[in-house]
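Note that this is a predicted model, so its numbers are computed, not measured.
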Amino acid sequence: MTSDPLDTARLAAAVADPAAGAVATFDGRVRNHDGGRGVRAIRYSAHPSANEVLTAIATEIADREGLRALAVAHRVGELAVGETALAVAVSADHRAAAFGAVHDIVEEVKARLPVWKQQIFSDGSSAWSNLP
């Protein structure tokens with residue numbers, strides 16, 4: 001969990017391993033629309049336990065056979081359209097393991113991470129989502 005800009009390529013470099021046959025990444029970015037409305041930005045807020053939850057997810061997935069390394073980061077604060085909110089990188093012996101781990105990390109983050117977002121729409125209005 002960080003308020004600093006995320007760099008998915010940097011995460012990919014951090015998990016590089018000469019024994020890995022694959023490095024798979026996910027770069028989840030703020031898009032300019034949602035439900036037919038224009039989006040200008042998203043403000044992400046996190047519960048104080050968010051870093052522990054993110055670490056637990058990473059630890060659970062990292063134990064899988066064939067994985068070499070993984071990195072995952074989620075940003076908080078206000079992000080403009082195009083900025084990365086969630087970055088994931090996994091190195092593995094084979095592509096299937098790398099792709100599977102990236103997919104599962106993203107799904108677990110979406111399901112378990114206590115992060116809430118406030119979308120700021122183009123017309124100046126806003127709406128919260130992912131609230132408990």
Which ring-ring contact (aromatic ring centres under 6.0 Å, His included) pairs, counting each pair once, include a residue from residues 3-30, with sequence neighbours left out?
-> none
Just jot down the side chain to side chain contact (heavy atoms under 4.5 Å, CB included) partners of Ser125, sequence neighbours excluded, or say none.
-> Arg37, Phe121, Asp123
Got a sec, which hydrophobics cluster with Leu6, joining ILVMFWY side chains under 4.5 Å apart, including via others?
-> none
Answer yes or no: is there an ion pair linking Glu60 with Arg112, defined by an N-O contact shorter than 4.0 Å?
-> yes
Residue pairs passing the salt bridge (Lys or Arg N to Asp or Glu O under 4.0 Å) test with at least one member in residues 81-95, sequence neighbours excluded, are Arg68-Asp93, Arg75-Glu83
Identify whether Ile105 and Val23 are in the same connected component of the hydrophobic contact network (ILVMFWY, side-chain heavy atoms under 4.5 Å).
-> no
The side chain to side chain contact (heavy atoms under 4.5 Å, CB included) partners of His47 (sequence neighbours excluded) come to Ser49, Pro114, Trp116
For residues 8-18, run the donor-acceptor check on the side chains, cut-off 3.5 Å, and write out each pair with its distance to 0.1 Å, sequence neighbours left out.
unit_1, atom_1, unit_2, atom_2, d
Thr8, OG1, Asp27, OD2, 3.2
Asp17, OD1, Ala19, N, 2.7

Residues pairing under ring-ring contact (aromatic ring centres under 6.0 Å, His included) where one sits in residues 79-109, two or more places apart or in two chains, turn out to be none
Residues in salt bridge (Lys or Arg N to Asp or Glu O under 4.0 Å) contact with Glu107, at least two apart in sequence or another chain = none
Quick one: pull up CG in Leu113 and CD1 in Ile57 and give me the separation to the nearest 0.5 Å.
-> 6.0 Å
Name all residues meeting the salt bridge (Lys or Arg N to Asp or Glu O under 4.0 Å) criterion together with Asp34; count only those two or more places apart in sequence or in a different chain, and write none if there are none.
-> Arg31
Would you please name every residue forming a side chain to side chain contact (heavy atoms under 4.5 Å, CB included) with Ser126, sequence neighbours left out?
-> Gln118, Ile120
Applying side chain to side chain donor-acceptor pair (under 3.5 Å) to Asn51 and not counting sequence neighbours gives none
Is any side-chain heavy atom of Val90 less than 4.5 Å from a side-chain heavy atom of Thr25?
-> no
Any ring-ring contact (aromatic ring centres under 6.0 Å, His included) pairs touching residues 65-91, not counting sequence neighbours?
-> Tyr44-His74
